[in-house]
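What follows is a single structure, and I will ask about it in a moment.
Residue numbers start from 1 in every chain, and the chains themselves are labelled A, B, ... in the order their sequence lines are given, proteins ahead of strands.
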Number of protein chains: 2
Amino acid sequence: MATPQDRQLVEQWRSIQSTYFRTAGAIDRALESRFSIGLTEFEILDLVAETAEAACRMKQLGERTPMTQSAMSKVVDRLEKAGLISRHSCEDDRRSLFLELTDAGRELHQQAAVEHRALLKENLA
Amino acid sequence: MATPQDRQLVEQWRSIQSTYFRTAGAIDRALESRFSIGLTEFEILDLVAETAEAACRMKQLGERTPMTQSAMSKVVDRLEKAGLISRHSCEDDRRSLFLELTDAGRELHQQAAVEHRALLKENLA
DNA sequence: TCAATTTATATGACACGTCATTGAATGACA
DNA sequence: TGTCATTCAATGACGTGTCATATAAATTGA
């Protein structure tokens, strides 16, 4: 049944869960109240911001996050409606889209990133 | 802007997220397909199973999980409908409830726990 | 060059979690 | 003892994620 090793695994798992929820919750609330975006929205902004240039990105970004393809699609919808990001279709493969921050998006990202990093620091001991 | 320390924090955070999603996803899929319960349902079963006896537990269990009170309430609903758990009102405080595994619940928990521990071991390097 | 297959993204139905609120029981204290 | 505040749990409205599928474009190969 419950070997000591099992207990230790469960402990470790609960610790990860707890860190994850505490941190994600804190960031989500802060971003929501100060910038009216959620954590997932920020994470896409963050990825786009750090992915230097072109390339047909939707797909590639998807590989850098645990988000589902359909989740990504919807988050990008919201970001587009909020005027923070724009979708451009790709010249060389018209199935693909690449994403670009708008000026508003870039500015919001810069400010939100400060908050984001601060909360990470605070929560990841 | 992006200090090296910031980058390291973000790295660390992504690693936690990735571990969390990978592990939770694997467990959830396995339990769902083999026992028709999700990860949250299992976690409540697991807590009840390891909390030896009486006491008016809903509340106390809530303190041992990142779940919301209302989330707990709904998960317990599902578990009750599935016949895995039962709610009993408390003698000394009729606002409170304590939970108990049914025989079916106890049995399912034992089997599911094996799978759960195995997947933890597999995913938490 | 024309099917058949595969790939990139979007979308609809649905499940679950959260927030705010409610209802009921308890506690505090004048 | 009677009010007022507090606590425990349940519920409804709502947002967001997932799965399965749709749509459209590209690729393969006969």
Side-chain angles (χ1 to χ4, degrees), chain A residues 17 20-22 24-33 36-44 47-48 54-82 85-100, chain B residues 17 20-22 24-33 36-44 47-48 54-82 85-100:
Chain A
Q17 286 186 301
Y20 176 74
F21 281 115
R22 179 171 29 80
I27 297 174
D28 200 60
R29 279 186 295 278
L31 295 180
E32 196 66 66
S33 81
S36 300
I37 63 171
L39 173 56
T40 37
E41 280 79 14
F42 174 80
E43 282 174 343
I44 296 300
L47 281 178
V48 175
C56 308
R57 297 210 218 98
M58 277 289 284
K59 186 68 197 314
Q60 282 109 308
L61 291 188
E63 289 159 10
R64 308 224 276 142
T65 174
M67 254 180 273
T68 296
Q69 178 266 316
S70 84
M72 276 253 334
S73 178
K74 295 180 183 190
V75 174
V76 171
D77 271 357
R78 281 176 250 141
L79 287 168
E80 198 173 33
K81 271 170 199 142
I85 225 175
S86 58
R87 287 189 241 231
H88 302 281
S89 67
C90 240
E91 297 296 309
D92 51 305
D93 183 346
R94 271 171 306 183
R95 290 169 305 181
S96 300
L97 297 177
F98 73 96
L99 305 178
E100 200 171 24
Chain B
Q17 287 186 301
Y20 176 73
F21 281 115
R22 178 170 30 79
I27 297 175
D28 200 61
R29 278 186 296 276
L31 295 181
E32 196 66 66
S33 81
S36 300
I37 62 171
L39 174 55
T40 38
E41 279 80 14
F42 174 80
E43 283 174 342
I44 296 299
L47 281 178
V48 175
C56 307
R57 297 210 218 98
M58 277 289 284
K59 187 67 197 314
Q60 282 109 307
L61 291 189
E63 289 159 10
R64 307 223 277 139
T65 171
M67 255 180 272
T68 295
Q69 177 266 318
S70 83
M72 277 253 332
S73 178
K74 294 179 184 190
V75 174
V76 171
D77 271 358
R78 281 176 250 142
L79 287 169
E80 199 173 34
K81 270 169 200 144
I85 225 175
S86 59
R87 288 188 241 232
H88 303 282
S89 67
C90 241
E91 297 295 309
D92 50 305
D93 183 347
R94 272 171 304 184
R95 291 168 304 181
S96 300
L97 297 178
F98 73 96
L99 305 179
E100 203 171 21

| query | Expressed in angstrom and rounded to an integer, what is the separation of A:Glu63 atom CD from C:dT9 atom P? | reply |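 Computing the A:Glu63:CD to C:dT9:P distance gives 10 Å.
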
| Roughly how many Å is it from CZ in A:Phe21 to P in C:dG17, rounded to a whole number? |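 Whole-Å distance recorded here is 9 Å.
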
| task | Could you tell me whether the side chain of A:Gln69 has a donor or acceptor atom within less than 3.5 Å of a complementary atom in the base of C:dA10? | result |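 When only heavy-atom distances are counted, A:Gln69 does reach the base of C:dA10 through a donor-acceptor pair under 3.5 Å.
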
| query | Between the base of D:dC19 and the side chain of A:Thr68, is there a donor-acceptor distance below 3.5 Å? | reply |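 No such pair is found, so the answer is no.
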
| Note, A:Thr40 side chain near A:Ile44 side chain (heavy atom, < 4.5 Å) |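 Sidechains of A:Ile44 and A:Thr40: no contact.
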
| query | Closest heavy-atom contact between B:Tyr20 and A:Gln17? | reply |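 Closest heavy-atom pair between B:Tyr20 and A:Gln17: CE1-CG, 3.7 Å.
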
| message | Using a 3.5 Å distance criterion without hydrogens, assess whether the side chain of A:Glu41 forms a donor-acceptor pair with backbone atoms of A:Gly38. | response |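 Checked: pair present.
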
| In whole Å, what is the span from the CZ atom of A:Arg87 to the P atom of C:dA8? |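 These atoms are roughly 16 Å apart.
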
| query | DNA chain D: B:Arg29 or A:Glu41, which has the more 5' nearest nucleotide? | reply |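 Final value for this comparison: A:Glu41.
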
| query | Rounded to the nearest Å, what distance is computed from the CG atom of residue A:Asp28 to the P atom of nucleotide C:dT18? | reply |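 Result: 11 Å.
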
| query | Taking N and O atoms by type only, does the side chain of A:Lys74 place a donor or acceptor under 3.5 Å from a partner on the base of D:dG15? | reply |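 Absent.
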
| task | Starting from P on D:dG15, measure out to CG on A:Leu39 and report it in whole angstrom. | result |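 It is 19 Å, rounded to the nearest whole Å.
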
| A:Lys59 NZ to D:dA26 C1': how many Å, rounded? |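 It works out to 14 Å between those atoms.
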
| query | Counting side-chain heavy atoms from C-beta on, which of C:dT11, D:dG17, D:dA10 comes nearest to A:Asp77? | reply |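 The answer is C:dT11.
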
| said: Between C1' on C:dA10 and CG on A:Leu99, what's the gap in Å once rounded to a whole number? | reply: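 A:Leu99 atom CG is separated from C:dA10 atom C1' by 14 Å.
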
Please produce a list of atom pairs where a protein N or O lies less than 3.5 Å from an N or O of nucleotides 26-28 of chain C.
from	atom 1	to	atom 2	distance (Å)
C:dT26	OP1	B:Arg94	N	3.4
C:dT26	OP2	B:Arg94	NH2	3.3

| To the nearest 0.5 Å, how far apart are CG in B:Leu39 and CD in B:Glu32? |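 These two atoms lie 10.5 Å from each other.
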
| request: Would you mind telling me which of D:dA10, C:dA8, C:dT18 lies closest to the side-chain atoms of B:Met58? | output: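 Looking only at side-chain atoms, B:Met58 lies closest to D:dA10.
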
| Residue list, salt bridge (charged side-chain N to carboxylate O under 4.0 Å, His left out) with B:Arg95, at least two apart or on another chain |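 Scan of B:Arg95 (salt bridge (charged side-chain N to carboxylate O under 4.0 Å, His left out), adjacent residues dropped) gives B:Asp93.
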
| field | Test log, rule side chain to side chain contact (heavy atoms under 4.5 Å, CB included), inputs A:Arg87 and A:Leu99 | value | CA-CA 5 Å; A:Arg87 287 189 241 231; A:Leu99 305 178; 3.7 Å; yes

Enumerate, atom names and distances included, each donor-acceptor pair closer than 3.5 Å involving a side-chain atom of residues 63-73 of chain A, sequence neighbours excluded.
from	atom 1	to	atom 2	distance (Å)
A:Arg64	NH1	A:Glu50	OE2	3.4
A:Arg64	NH2	A:Glu50	OE2	3.4
A:Arg64	NH2	A:Thr51	OG1	3.0
A:Thr65	OG1	A:Met67	N	3.3

| query | Quick one: is B:Thr40 getting a side-chain N or O under 4.0 Å of the C:dG17 phosphate, OP1 or OP2? | reply |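 Answer yes for this pair, as a side-chain N or O of B:Thr40 is under 4.0 Å from OP1 or OP2.
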
| Nearest-angstrom distance from the residue atom CG of B:Leu79 to P of D:dA9 |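 Value for this atom pair: 15 Å.
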
